[in-house]
Amino acid sequence: MQKTKKQLLGFAGLAAVGIMTAVAYAMPAAAAEDVPPSADGDVNISVTILRGKATGYLISPADQSTIMGSSDITYAYEEVSAVEVIVERLTKDGYEKVLDKKYDNYDPTTHGTSSVPMSEIAGFGESESDYKVTLKFYDAQGQYANEDTSTFKYRFMKADIAKQPASNGDPILNVEINDAIDSVRVYIYRGTEPLTDKDGNQVFVDLTRDDIDPATGKITTVLPFADNNANDGSYAIVVEGYEGTPSEGRLLSMITLDADYKLIKPTDPNLPETPPNTGFVIGNLNISRVDYLITGLIVFGTVASFALYLVYRKSRR
């Protein structure tokens, strides 16, 4: 009776699999009946939905972003006849307009994306500056429809301290520079006091474009805290970017970062070596993965042998 039930369940499972396969095979053919194929046999569908309203929005640069190159101001538009691009640079007296241009060659029955190169901004790339971009969109009758705004920063250099320090506790500095910078100098301060070496000279680290990692596009360096007997505590890392060399070039960019330092002492060689972490520990007993595997195989073999013995006895009855 049990054997018959198993056979019936098996046939039912095979039938279900066959039905599902047939349905899946038929679905693409059924879908294709409602869509006329193209000349090469592929299905190409292009749907344009116009909402009868002029609108647009800024794509890039993103609000509160920092850029280091001469990219584009990119935006999307729909059913507009014109787009006005206004760029303002932040000065000590507030924002001053450096670009105000209206592009009025749009077809108000279409939609799409467009861009304006940063090179059209007066003085862009000559110095680090903060900017505000405002885009105004106009409908088919030339009336104002809506606008979008973002602020961004142009910088020659970016820098940050890695979350994880070096094995001895030294902070790790990451620096990213653009083509205007040739060299970087890094100073270390605790409060107003510079970090000094054993001879009392101020410690600094010089970096060049040759130190850029081609894989990341960044310069990564370990700051020499432990080598100069720095005390544990909070420090200021001053990163300076130069056109030319630090001694003779022109300072283009300066970034100050906060770093916390705590010396990580190496293991005392006189202490007994800690057993390798090759498994797990019970009390002071370290059990390796190999020991664990062998023990498991022995237990499995014992249980399997006992199970076979029970089956044999039952079959004899």
Side-chain angles (χ1 to χ4, degrees), residues 61 65-72 89-92 98 117-131 152-261 263:
S65 63
T66 299
I67 66 173
M68 298 177 60
S70 183
S71 56
D72 294 337
R89 181 187 292 119
L90 184 62
T91 69
K92 62 179 181 179
V98 289
M118 295 284 188
S119 58
E120 294 200 20
I121 301 174
F124 183 83
E126 295 177 1
S127 62
E128 295 187 327
S129 302
D130 293 2
Y131 292 90
F152 70 96
K153 302 176 185 293
Y154 175 76
R155 296 291 184 265
F156 294 120
M157 177 175 66
K158 296 179 185 179
D160 65 82
I161 300 295
K163 294 181 179 180
Q164 294 296 326
S167 59
N168 63 352
D170 283 352
I172 298 176
L173 174 68
N174 298 309
V175 183
E176 187 177 356
I177 58 178
N178 69 5
D179 294 339
I181 292 182
D182 299 307
S183 60
V184 174
R185 175 165 286 183
V186 184
Y187 294 100
I188 303 169
Y189 293 90
R190 186 170 188 184
T192 59
E193 296 296 322
L195 180 65
T196 57
D197 59 20
K198 58 185 178 61
D199 298 322
N201 300 313
Q202 183 175 6
V203 173
F204 58 83
V205 178
D206 280 341
L207 305 165
T208 68
R209 301 192 68 84
D210 293 337
D211 298 308
I212 298 175
D213 183 347
T216 63
K218 298 180 180 180
I219 300 173
T220 299
T221 185
V222 178
L223 300 178
F225 277 65
D227 289 347
N228 293 283
N229 299 315
N231 296 319
D232 294 353
S234 298
Y235 288 80
I237 312 300
V238 179
V239 186
E240 298 178 346
Y242 292 86
E243 178 186 36
T245 64
S247 58
E248 300 177 357
R250 180 167 67 103
L251 178 64
L252 296 180
S253 181
M254 178 185 295
I255 299 174
T256 301
L257 305 169
D258 295 326
D260 292 325
Y261 170 67
L263 175 65

Determine whether D72 and E120 make a side-chain contact, defined as any pair of heavy atoms from C-beta on separated by less than 4.5 Å. no

Is a donor from one side chain sitting under 3.5 angstrom from an acceptor on the other, for N201 and D199? no

D227/K198 ion pair, N-O < 4.0 Å: no

Does NZ or CZ of R89 lie under 6.0 Å from the centre of the six-membered ring of Y131, at an angle within 45° of the ring axis? no

Shortest non-hydrogen contact from P224 toward L195: O-CD2, 4.1 Å

How long is the straight-line distance from OG1 of T66 back to CZ of F152, given to the nearest 0.5 Å? 10.0 Å

Would you indicate whether the side-chain heavy atoms of V203 and P194 approach each other to under 4.5 Å? no

Just so I know, are the side chains of P171 and I161 near enough to count as touching, which here means a heavy-atom distance under 4.5 Å? yes

Whether D232 side chain and L263 backbone form a donor-acceptor pair below 3.5 Å: yes

With distance as the sole test, does S183 use its side chain to make a donor-acceptor pair with the main-chain N or O of T208 at under 3.5 Å? no

Would you say E176's side chain and M157's backbone share a donor-acceptor pair under 3.5 angstrom? no

How long is the straight-line distance from CG of L90 back to OG of S129, given to the nearest 0.5 Å? 8.5 Å

Does a side-chain heavy-atom distance below 4.5 Å link V186 with V238? no

Got I188 and I237 here, is their nearest side-chain heavy-atom distance under 4.5 Å? yes

Ignoring hydrogens, what is the shortest heavy-atom contact between V222 and A166? Give both atom names and the distance. CG1-CB, 4.0 Å

Please step through side-chain contact (heavy atoms from CB on, under 4.5 Å) for the pair T220 and D213, ending with a clear verdict. CA-CA 8 Å; T220 299; D213 183 347; 5.9 Å; no

For A159 and V239, work out which heavy atoms get closest and say how close. CB-CG2, 4.4 Å

Going by atom types only, do N174 and D160 share a side-chain donor-acceptor pair under 3.5 Å? yes

Atom NZ in K153, atom OG in S65: separation rounded to 0.5 Å? 10.0 Å

Distance in Å, M68 CE paired with D179 CG, rounded so as to fall on 0.5 Å steps: 9.0 Å

Evaluate the criterion side-chain contact (heavy atoms from CB on, under 4.5 Å) for residue pair N178 and Y154; output intermediate values, then yes/no. CA-CA 11 Å; N178 69 5; Y154 175 76; 3.4 Å; yes

Heavy-atom pair with the smallest gap, counting every atom of E243 and L252: CB-CD1, 3.7 Å

Do V184 and I177 have side chains that approach each other closer than 4.5 Å (heavy atoms only, starting at C-beta)? yes

Give, for atom CG of L173 and atom CG of L257, the distance between the pair rounded to the nearest 0.5 Å. 6.5 Å

Heavy-atom closest pair (Y261 atom, N231 atom, distance to 0.1 Å) is CD2-O, 3.5 Å

Y235 and Y189: aromatic ring centres closer than 6.0 Å? no

Charged N-O contact under 4.0 Å between R185 and E240: no

Please determine whether a side-chain nitrogen of the Lys or Arg among D211 and K218 lies less than 4.0 Å from a carboxylate oxygen of the Asp or Glu. no

Whether the side chain of R190 engages the backbone of A230 through a donor-acceptor N/O pair (distance < 3.5 Å, no angle test) should be reported. no

Hey, could you give me the CG/CZ distance between L251 and F156, rounded to the nearest 0.5 Å? 10.5 Å

Could you go through the side-chain contact (heavy atoms from CB on, under 4.5 Å) check for T221 and I172 one step at a time? CA-CA 6 Å; T221 185; I172 298 176; over 6 Å; no

